[in-house]
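I have placed the structure first, in the form of structure tokens, so that the comments after it can refer back to it.
Order of the sequence lines sets the chain letters (A, B, ...), proteins ahead of strands, with each chain counted from 1.
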Amino acid sequence: MNFSVIKALLKKDFSLFLQNRFYMLMTIVGLVFYIIIFFIMPNKVDEQLKAGIYAPVMPPAFSILVADPASSLTSYASLEEAKAAVENGDSQVAIVLPADIMQTWASGGKPEVEIYYASSAPIELRDAVISLVKELSYIQTGQSLTFDTNEQVMGQDMLGEQIPMRNRMVPLLAIFILMMEILSLASLIAEENEQGTARALLVTPMTVPELFAAKGIIGVGMALGQVVLFMLLVGGFNSQPLITLGVLLLGSLMVTGLGFLLASLTKSLMSVTAWGMLLFIILAIPGMGIMFPGLISNWAKVIPSYYLTDTVNRVVNYGADLSVVGGNLLILVGFTAVIVTAGIVVLRRRYQ
Amino acid sequence: MSIKHIITLFNREVIHGPKDVTFIMVVVTPILISLFISLAFGNIFSEKPKLGLTDLGNSQIVNLLKENNTLLIKEYPDEAALKEATTSGAVDMGLVLPADFDTSLIQTNTLKANAYVWGESLAKSRMIIPAVLADTARQITGANVPVEINSISLGDEMNVPWADRLFPFVVLMAMFFSGLMLPASSLIDEKQKRTLEAVNITPATLGEIFTAKGAIGTLLGVVMGLIILALNSAFGNSPLPLILMLGLGSLMASLLGLLAGAFIKDMNTLFAVWKFGGLLLFGPAFIYLFPQIPQWIGYFFPTYYILKPVVDLSVYDAGWTDIALNAGISVILVVILLVAVSKVVSRMSNSALRLYT
């Protein structure tokens with residue numbers, strides 16, 4: 001392999017990129033936009049029930065709920081204050097207990113409890129609070145139910161340390177950035193195929209492996225450069241930076257292989273767009289699964305990007321080390337090797 | 001401008017254009033997006049805590065919990081499947097109900113079960129699930145509710161489930177996938193192959209070429225939007241205004257696509273523009289999805305004025321008068337884009353095409 005030929009080819013492709021200032025600008029602006037999206041997303045999880053209570057006389061069972069930090073139940077001094085809190089959004093629901101609640105129970109009656117809820121609040125929240133009030137009333141009237149349960153927390157208990165939506169989005173945004181490079185590389189190659197410049201290059205002393213090496217370096221360089229910059233700015237390298245970098249490198253190699261495959265299997269630039277979009281949707285599915293846990297099941301493991309997004313998620317959001325993500329990395333290496341080899345073989349056949 | 005020329009050019013694109021592109025854009029993508037949304041996104045935005053159940057006997061509580069509707073109930077055939085679902089976050093809590101669950105509840109007033117809690121389950125879910133479970137269990141024991149509860153709604157705002165809110169975005173995405181990308185990539189493709197110059201020296205004018213490509217983009221956008229609406233039976237109470245808004249949105253998309261196609265030199269740049277512009281176009285979708293983001297930011301996005309009426313029509317059962325202002329702004333935006341496209345076409349017609357390639 002003649003490195004000066006590869007260097008010349010890289011120089012040619014790179015100068016083409018630099019000449020197209022609009023493309024350069026759009027690439028940078030696109031990246032900035034992803035970063036802006038990250039920063040405007042919620043940076044905390046609202047995991048507590050936003051409810052309030054107005055109780056002139058607080059029954060002991062209810063005071064337990066007020067004291068429970070998980071409930072975040074605010075106690076109001078008056079009915080007006082409780083209603084105002086619901087109306088201005090400080091509380092989604094307000095429980096109002098009557099002043100004679102204890103006497104009513106003592107006399108065997110049923111006190112009337114009012115629940116004020118914001119019309120914009122989900123109806124299930126109102127129903128949940130009704131269930132809570134009923135349960136506390138049962139307890140207060142000596143009808144408590146015994147819970148004989150063995151409780152086991154599955155996975156790391158994140159109570160109070162929930163991962164914000166924007167951090168969950170990082171693997172998805174990273175894979176979006178990488179996947180756009182499939183389209184860019186595939187269209188670059190398809191354009192050279194259509195215009196015949198690839199064949200023209202092959203009648204020079206340049207060999208097919210040198211052509212692939214140059215295109216591969218361009219593809220990996222463009223993908224890795226952008227995704228590394230993005231991860232640096234959103235704090236994606238705060239935990240296990242070497243593993244993260246390694247995964248992103250593998251991801252860049254994989255998208256380069258997919259770019260080769262897409263370019264070789266499509267006949268025109270239009271086809272690259274259409275098939276590329278389809279590929280884009282499929283490869284984005286595992287990222288959506290990370291944003292919304294439980295969304296996808298085991299079938300998603302057949303999508304190669306699963307191992308990329310899952311590894312980035314585990315490392316960036318949970319601080320996982322090699323012992324946790326080692327298996328994922330091995331599978332990712334396998335997928336990448338198969339995709340890159342297939343891409344080179346198919347594209348090479350097309351050139352010949 | 002000759003209608004005959006436009007129809008000929010339209011047929012040329014449709015009949016002799018790349019079939020795989022049209023097939024993917026018109027059939028595969030909308031169906032994939034729609035299936036993905038309806039299968040997967042149906043419940044993810046719901047704030048209901050999710051409870052998984054494996055019933056080893058035949059407890060009444062399973063059906064009672066389903067009827068209660070406060071929790072999202074999912075059933076699993078065995079404990080292993082329940083554990084897996086809890087670990088993945090498919091449910092907040094998984095309960096294995098023993099065969100004697102009801103007997104134990106009625107005889108000893110004891111709720112007996114093995115519980116698995118998802119580590120990332122929210123504090124409020126961990127509080128609500130046991131309360132609802134206990135409340136439902138009382139129905140089996142026949143306990144007398146010791147309290148009367150009156151619930152009173154405050155305010156005028158309506159709660160809209162996230163699944164409903166998300167749906168119009170899918171329509172928007174469908175419109176812009178084909179409406180924008182197809183005319184843009186078709187123009188760039190023709191410029192690169194120099195076929196645009198070839199067509200231009202025939203009696204067809206550049207304006208007719210642009211009109212034909214724009215018409216295809218608009219038509220595809222509307223067709224994709226309609227397919228998604230039909231697949232989801234979501235025409236709302238005002239299908240006509242909704243279809244008109246789809247038409248307006250698709251026209252906006254294809255005009256943007258024509259502008260992009262006229263100015264962009266190659267597909268790489270188009271993808272770079274899509275990467276940036278796509279976010280600009282879908283910005284309102286993010287704003288709708290996450291209420292924590294100030295809603296006024298939406299005013300800066302052109303697609304907001306398409307999206308808002310579509311949301312109002314399909315979700316809030318709005319009528320003509322409710323959407324008039326935003327629809328009017330959309331029309332103004334489309335007119336501005338039409339003027340811009342005609343200016344570009346005029347400039348391109350007056351100068352050598354190669355200047356733009």
Handout entry: Donor-acceptor contact below 3.5 Å, side chain B:Lys124 vs main chain A:Lys50
Key = no
Problem - Note: B:Asp92-B:Lys48 ion pair, threshold 4.0 Å (strictly below) - result: no
Handout entry: Test item: side-chain donor near acceptor, A:Gln226 and A:Glu181, under 3.5 Å
Key = yes
Handout entry: All salt bridge (charged side-chain N to carboxylate O under 4.0 Å, His left out) counterparts of B:Lys83, not counting sequence neighbours
Key = none
Practice task
Please flag which part of B:Ala137 lies under 4.5 Å from any non-hydrogen atom of chain A: side chain, backbone, both or neither.
Solution key: side chain
Handout entry: Pick from A:Val86, A:Ile282, A:Ile130 with the largest number of heavy-atom pairs that fall under 4.5 Å of chain B
Key = A:Ile130
Fill in the blank from the handout: Ranking A:Gly108, A:Ala190, A:Pro111, A:Ala128 by heavy-atom pairs under 4.5 Å to chain B gives rank one to A:Pro111
Completion exercise
So, the part of A:Thr141 with a heavy atom under 4.5 Å from chain B: the answer is side chain
Exercise for the section: Could you tell me which of B:Leu95, B:Ile188, B:Val145, B:Val91 has the largest number of non-hydrogen atom pairs under 4.5 Å with chain A? Expected result: B:Val145
Completion exercise
Bottom line for B:Ser121: the part with an atom under 4.5 Å from chain A's heavy atoms is backbone
Practice task
Name the region of B:Ile128, side chain, backbone, both or neither, that has any atom closer than 4.5 Å to a heavy atom of chain A.
Solution key: side chain
Problem - Sidechain N-carboxylate O distance under 4.0 Å for A:Asp310, A:Lys301 - result: no
Fill in the blank from the handout: Rounded to the nearest 0.5 Å, the CG atom of B:Leu182 sits from the CD1 atom of B:Ile216 at a distance of 7.0 Å
Handout entry: Which portion of A:Val32 sits near chain B, non-hydrogen atoms under 4.5 angstrom
Key = neither
Handout entry: Pick from A:Lys110, A:Gln143, A:Glu151 with the largest number of heavy-atom pairs that fall under 4.5 Å of chain B
Key = A:Lys110
Fill in the blank from the handout: Highest number of heavy-atom pairs under 4.5 Å with chain B among A:Val153, A:Leu185, A:Leu136, A:Leu145 belongs to A:Leu145
Exercise for the section: Using non-hydrogen atoms and a 4.5 Å limit, figure out which bit of B:Ile129 sits close to chain A: side chain, backbone, both or neither. Expected result: neither
Handout entry: Derivation of the side chain to side chain contact (heavy atoms under 4.5 Å, CB included) call for B:Leu51 and B:Lys74
Key = CA-CA 6 Å; B:Leu51 176 66; B:Lys74 295 182 184 177; over 6 Å; no
Completion exercise
Ranking B:Leu105, B:Asn114, B:Leu71, B:Val96 by heavy-atom pairs under 4.5 Å to chain A gives rank one to B:Asn114
Problem - Region of A:Ile101 in contact with chain B, defined by heavy-atom distances below 4.5 Å - result: neither
Completion exercise
Ranked by heavy-atom pairs below 4.5 Å to chain B, first place among A:Thr104, A:Asn150, A:Leu132 goes to A:Asn150
Practice task
Quick one: list whatever passes ring pair (Phe, Tyr, Trp, His ring centres under 6.0 Å) with A:Phe280, sequence neighbours left out.
Solution key: A:Phe176
Exercise for the section: Report yes if some heavy atom in the side chain of A:Gln140 is under 4.5 Å from a heavy atom in the side chain of A:Met102; otherwise report no. Expected result: yes
